[in-house]
Amino acid sequence: MKITAIETYVCNARMRNWIFVKVVTDQPGLWGWGEATLEWHTKSVVGAIEDISQLLVGEDPRRVEYLWQMMYRQHFWHGNGIVRGTAISGIDIALWDIVGKIHNVPCHELWGGRVRDYIRLYCHLGGGKMEDFYETAPGDASRFGELAQKAVEDGFTAFKSMAVPETMPLEGLRPVKYAEACVAAMRDAVGDDIDIMVDCHARPSPRMGMLFAKALEPYGLYFFEEPCWPETMEDIALIQRAVQTPIASGERLVGVHAFRELLEKRAVSVIQPDITHCGGLSEARKIGALAEAYRVSMAPHNPQGPVSTAASIELGFATPSYIICESVHKDVEWREDVVSEGFTVQKQGRIVLPNGRPGLGIEINEEEVKKHPFQQEVLQRTFYKDGSVGDW
């Protein structure tokens with residue numbers, strides 16, 4: 001059995017271009033689907049996949065770990081950068097899809113079987129609609145409350161918001177009070193039985209991140225995400241130690257070595273590897289095992305397309321440290337047209353029941369993908385009030 005081709009299919013989904021990866025074999029009808037979506041770097045990732053494919057065409061797709069080692073270690077440059085790491089991830093996910101199909105079992109059965117009966121989904125405010133999630137003004141606390149109530153009406157028992165505004169390295173009380181008002185409005189709208197997450201997008205400086213964490217501590221957040229740059233892990237650790245709120249980070253980290261440092265510093269309560277960036281399912285499984293050794297929870301970053309979601313769910317069913325699955329369902333109205341899925345979702349509680357199909361249990365409709373060709377992603381830039389460059 002040999003790999004004959006590695007193909008990419010780009011599907012524009014407004015804020016991001018989904019990059020679907022198809023690994024084709026010499027066995028009729030046997031291929032695997034992966035995803036390598038990386039916002040604002042679509043052409044770079046597609047080129048990286050083309051470069052890496054030279055290593056794999058002609059190889060046996062069943063030797064997943066061997067092929068992963070080749071992708072990561074060959075061509076001299078290791079695959080620990082975001083572009084190459086994303087390219088490796090997309091191919092690796094597709095290889096696992098193939099192996100599951102060969103053995104006629106879902107991927108989670110390849111990894112020791114189910115460790116849980118269901119997985120809970122959480123949503124973004126607005127269901128992932130760009131205008132609601134990213135562009136709701138931080139001063140509009142009532143709007144945060146309305147969107148929170150809508151998430152609960154849609155069946156979710158947990159949701160994420162971006163209630164922390166963009167701030168300069170040091171500001172006064174105003175942005176902190178804004179964030180506090182928004183979180184208070186959400187808590188008032190949904191009560192104490194719903195889990196609320198706040199994502200800072202690593203916008204704040206370490207000091208501002210600390211101020212936000214302290215201000216929001218009374219509201220019992222499920223977790224507080226990326227309070228400052230991941231490059232300053234010591235500061236994330238300081239925030240973790242200063243508040244009772246669980247701190248989460250890791251979506252921008254590539255590879256198990258980066259997560260080892262995060263865990264060694266006891267910097268977080270929740271790690272968030274992105275399966276489409278960190279090295280694919282092969283590396284995510286190693287990261288999950290490391291988290292288990294430290295008794296730290298795992299909640300993969302997953303705002304991308306449907307293959308990423310299917311991969312996260314398969315990982316979750318076989319990984320003890322996994323606690324919840326990030327999902328978007330209203331980023332584009334035609335999302336369900338491009339994919340068929342083997343798992344089922346109960347609307348009340350947004351509970352995912354196991355996939356029964358082989359591999360990832362999904363199939364991509366290539367004709368539907370063609371209806372949404374590449375477009376340059378929506379430009380997002382941030383400047384502070386004095387004109388200096390900020391973090392989006």
Side-chain angles (χ1 to χ4, degrees), residues 14-15 120-167 171-204 208-227 239 243-248 270 272 299 301-303 323-333 335 345-351 380 382 391-392:
R14 295 190 72 219
M15 184 171 175
R120 184 168 64 136
L121 298 177
Y122 77 84
C123 71
H124 293 181
L125 284 191
K129 184 180 177 184
M130 181 178 65
E131 290 81 1
D132 287 340
F133 188 63
Y134 293 102
E135 297 178 10
T136 296
D140 190 358
S142 63
R143 179 62 175 156
F144 277 88
E146 292 166 4
L147 290 169
Q149 202 161 29
K150 181 64 170 61
V152 175
E153 290 169 1
D154 284 343
F156 289 94
T157 60
F159 60 82
K160 180 187 288 183
S161 66
M162 294 214 19
V164 169
E166 299 162 350
T167 58
E171 291 196 26
L173 279 176
R174 187 177 184 185
V176 178
K177 291 293 185 182
Y178 270 175
E180 189 174 1
C182 294
V183 175
M186 290 187 289
R187 182 56 78 198
D188 289 344
V190 302
D192 291 342
D193 292 336
I194 301 298
D195 290 321
I196 299 174
M197 288 148 274
V198 171
D199 184 1
C200 297
H201 246 216
R203 292 166 167 174
M208 290 302 298
M210 178 73 81
L211 292 175
F212 284 121
K214 289 273 194 179
L216 301 182
E217 186 175 15
Y219 298 96
L221 299 180
Y222 189 63
F223 60 69
F224 188 58
E225 181 174 338
E226 281 204 305
I239 295 171
V243 295
Q244 293 181 337
T245 307
I247 303 300
V270 183
Q272 299 176 290
H301 181 245
N302 177 51
I323 55 168
I324 197 167
C325 180
E326 180 173 10
S327 68
V328 292
H329 59 291
K330 290 186 177 178
D331 49 353
V332 287
E333 295 299 323
R335 185 182 180 96
V345 180
Q346 294 181 354
K347 183 174 180 180
Q348 190 56 42
R350 293 287 176 163
I351 298 301
Q380 298 285 352
T382 292
D391 288 288
W392 170 69

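None of these values were measured; they are calculated from a predicted model.
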Requested in this report: Run the numbers on Arg350 and Cys123 for side chain to side chain contact (heavy atoms under 4.5 Å, CB included), then give the verdict.
Outcome: CA-CA 9 Å; Arg350 293 287 176 163; Cys123 71; over 6 Å; no
Query - Taking every non-hydrogen atom, the tightest pair across Val328 and Gly128 - result: CG1-CA, 3.9 Å
Query raised in the report: Can you tell if the side chain of Asp154 reaches within under 4.5 Å of the side chain of Phe159, non-hydrogen atoms only?
Result: no
**Report entry** Minimum-distance pair of heavy atoms, taken over all atoms of Gly209 and Phe224
**Finding:** O-CE2, 4.0 Å
Query raised in the report: Taking only residues two or more places apart in sequence, or in another chain, which ones meet His301 in a ring-ring contact (aromatic ring centres under 6.0 Å, His included)?
Result: none
**Report entry** From CA spacing to verdict: side chain to side chain contact (heavy atoms under 4.5 Å, CB included), Tyr222, Val270
**Finding:** CA-CA 10 Å; Tyr222 189 63; Val270 183; over 6 Å; no
Report task. Kindly write out the residues that satisfy side-chain contact (heavy atoms from CB on, under 4.5 Å) with Gln380, not counting sequence neighbours, or none if the list is empty. Result -> Trp40, Met130, Glu135, Val378, Trp392
Query raised in the report: How would you list, by chain and number, every residue that makes a side-chain contact (heavy atoms from CB on, under 4.5 Å) with Pro175, sequence neighbours excluded?
Result: Pro165, Thr167, Glu171, Met208, Phe212
Query raised in the report: Is there a side-chain contact between Leu216 and Leu221, using heavy atoms and a 4.5 Å cut-off?
Result: yes
Report summary line: Rounded to the nearest 0.5 Å, the CG atom of Leu121 sits from the NZ atom of Lys347 at a distance of 13.5 Å
Report summary line: What one should report as the nearest heavy-atom pair of Ala213 and Ile239 is CB-CG2, 3.7 Å
Requested in this report: Go through the side-chain N and O atoms of Glu326 and His124 and say whether any donor and acceptor fall under 3.5 Å apart.
Outcome: yes
Query raised in the report: Taking the side chain from Ser327 and the backbone from Tyr122, do they hold a donor-acceptor pair closer than 3.5 Å?
Result: yes
Requested in this report: Could you pull out all residues at least two apart from Phe156 that satisfy ring-ring contact (aromatic ring centres under 6.0 Å, His included)?
Outcome: His329
Report task. Go through the steps for Tyr219 and Ile196 under the test side chain to side chain contact (heavy atoms under 4.5 Å, CB included), then give the verdict. Result -> CA-CA 9 Å; Tyr219 298 96; Ile196 299 174; over 6 Å; no
Report task. Determine the minimum heavy-atom distance between Asn302 and Cys325, stating which atoms define it. Result -> ND2-SG, 4.3 Å
Report summary line: side chain to side chain contact (heavy atoms under 4.5 Å, CB included) test vs Glu225 passes for just one of Lys160, Met162, His201, namely Lys160
Report task. Would you check if the side chain of Arg203 reaches a backbone N or O of Val164 as a donor-acceptor pair within less than 3.5 Å? Result -> yes
Query raised in the report: Does a salt bridge link Glu217 with Lys214, judged by any charged N lying under 4.0 Å from a carboxylate O?
Result: no
Query raised in the report: Can you name the nearest heavy-atom pair linking Cys182 to Ala163, along with the distance?
Result: CB-CB, 3.9 Å
Report summary line: Applied to residues 177-195, the salt bridge (Lys or Arg N to Asp or Glu O under 4.0 Å) test, sequence neighbours excluded, yields Arg120-Asp195
Report summary line: For Ile323 and Ala299, the nearest pair of non-hydrogen atoms, with its separation, is CG1-CB, 4.1 Å
**Report entry** Distance in Å, Leu125 CG paired with Asp199 CG, rounded so as to fall on 0.5 Å steps
**Finding:** 11.0 Å
Report summary line: For Glu153, the side-chain contact (heavy atoms from CB on, under 4.5 Å) test, sequence neighbours excluded, returns Gln149, Lys150
